[in-house]
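Structure record follows, encoded as structure tokens.
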Amino acid sequence: MIHVASLLHDDVLDDADTRRGIGSLNAVMGNKLAVLAGDFLLSRACVALASLKNTEVVSLLATVVEHLVTGETMQMTTTSEQRLSMEYYLQKTYYKTASLISNSCKAIALLAGQTAEVSILAFDYGKNLGLAFQLIDDVLDFTGTSSSLGKGSLSDIRHGIVTAPILFAIEEFPELRPIVDRGFDKPGDVDLALDYLGRSRGIQRTRELAQKHANLASSAIDSLPDNDDEDVQISRRALVELTQRVITRNK
Ligand code: FPP
Ligand code: MG
């Protein structure tokens, strides 16, 4: 519910037309109702969370909501130095995407009565899965089509948002820097940036970084305490498989 609430608000901020292959709520019903729908889901999530009567879990998920807003704000209000910084991009990516998954994984471990050690591994799994997921999302924004993604493609660059593929491309083509610096604002900037990106290893290096995080997520599962229970083994295999699926997905 928190995830969907954040997407409803995100589509207002991004002025999106489509989401999951159909008209986005803001496009169909207008911004005001889309914001309220997000608020409604968020409040329902709070009610459900409170009913768990676990203050640590409430605190983790409250932090997630704070991080979602922080990540989105970081993306919207960059200085030119921050726009060119991989460190800033990765921190924003943690807040925007990986915090929800990492803290949710940790919350599940705590609710299941697991040890602090297991809850940290669960957090590490979610964090690295989330980072891998968003890195591939940022690749797909360039390589996917609107119909394959079910949402607009090239949305980031058209909004002046700089993601990993472009940051890696700048290392090979410093000529890209002024274009990025002015937020792809001049006519022809987007096409020029795409041309540089196409000639660089930006997409490939982003995929490699995503794979590194997928491998770290997988290692967190392998580090869980030994357990021969067949259901546990099946669940762990599924979690490891998920780390590869976020890499190989094309939508
Ligand atoms: C999608 O990013 C957006 C997010 C992962 C987070 C959005 C968070 C907010 C709008 C803050 C408000 C939060 C709550 C809890 C109501 P994207 O635009 O890169 O992905 P997309 O291509 O799927 O749109
Ligand atoms: Mg968006």
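In listed order, ligands and their atoms are each counted from 1.
- Residues Glu171 and Arg201 are not paired through a salt bridge, judged by the lack of any N-O separation under 4.0 Å between the basic side chain and the carboxylate.
- Stacking of Arg245 on the aromatic ring of Phe133 is not recorded, the 6.0 Å distance cut-off and the 45° axial limit not both being met.
- Counting only protein atoms, the N, O or S atoms lying less than 2.8 Å from the Mg ion (ligand 2) are Asp10 OD2, Asp14 OD2, ordered by chain and residue number.
- Atoms of ligand 1 found under 4.0 Å from any heavy atom of Asp14 (numbered from 1 in listed order, with element): 18 (O), 24 (O).
- Of the N or O atoms in Asp10, one or more lie within a sub-3.5 Å distance of an N or O in ligand 1.
- Ile101 and Val64 are assigned to two separate hydrophobic clusters, defined by single-linkage of ILVMFWY side chains at heavy-atom distances under 4.5 Å.
- Under a 4.0 Å N-O distance rule, the pair Asp181/Arg177 does not qualify as a salt bridge.
- A donor-acceptor pair shorter than 3.5 Å cannot be found between the side chains of Ser6 and Asp10.
- Inspection of the Gln91 and Glu87 side chains reveals no N or O donor paired with an N or O acceptor under 3.5 Å.
- At a heavy-atom cutoff of 4.0 Å, ligand 1 is contacted by no atom of Asp141, backbone or side chain.
- Residue Lys96 holds the heavy atom nearest to atom 4 (C) of ligand 1 of all those in Gln134, Met1, His67, Lys96.
- In this structure, a donor-acceptor pair under 3.5 Å is absent between the side chains of Gln233 and Asp229.
- Judged by a 6.0 Å distance limit and a 45° cone about the ring axis, Arg158 is not positioned over the six-membered ring of Phe184.
- Every atom of ligand 1 is numbered from 1 in the order shown, and the set under 4.0 Å from a heavy atom of Arg19 is 21 (P), 23 (O), 24 (O).
- Annotation for ligand 1: atoms under 4.0 Å from non-hydrogen atoms of Leu68 are 6 (C), 8 (C), 11 (C), 15 (C).
- Proximity to Leu13 (heavy-atom distance under 4.0 Å) selects the following atoms of ligand 1: 10 (C).
- In this structure, CG on Asp141 lies 5.0 Å from OG on Ser155, to the nearest 0.5 angstrom.
- Listed here is the closest heavy atom pair of Arg236 and Asn227: NH2-CB, 3.9 Å.
- For a threshold of 3.5 Å applied to N or O pairs, the pair formed by Thr97 and ligand 1 contains no separation below that value.
- Rounding to the nearest 0.5 Å places OG1 of Thr206 at 11.5 Å from CD of Gln134.
- For ligand 1, none of its N or O atoms has an N or O atom of Glu72 under 3.5 Å away.
- Distances from ligand 1 to the non-hydrogen atoms of Gln75 include no value under 4.0 Å.
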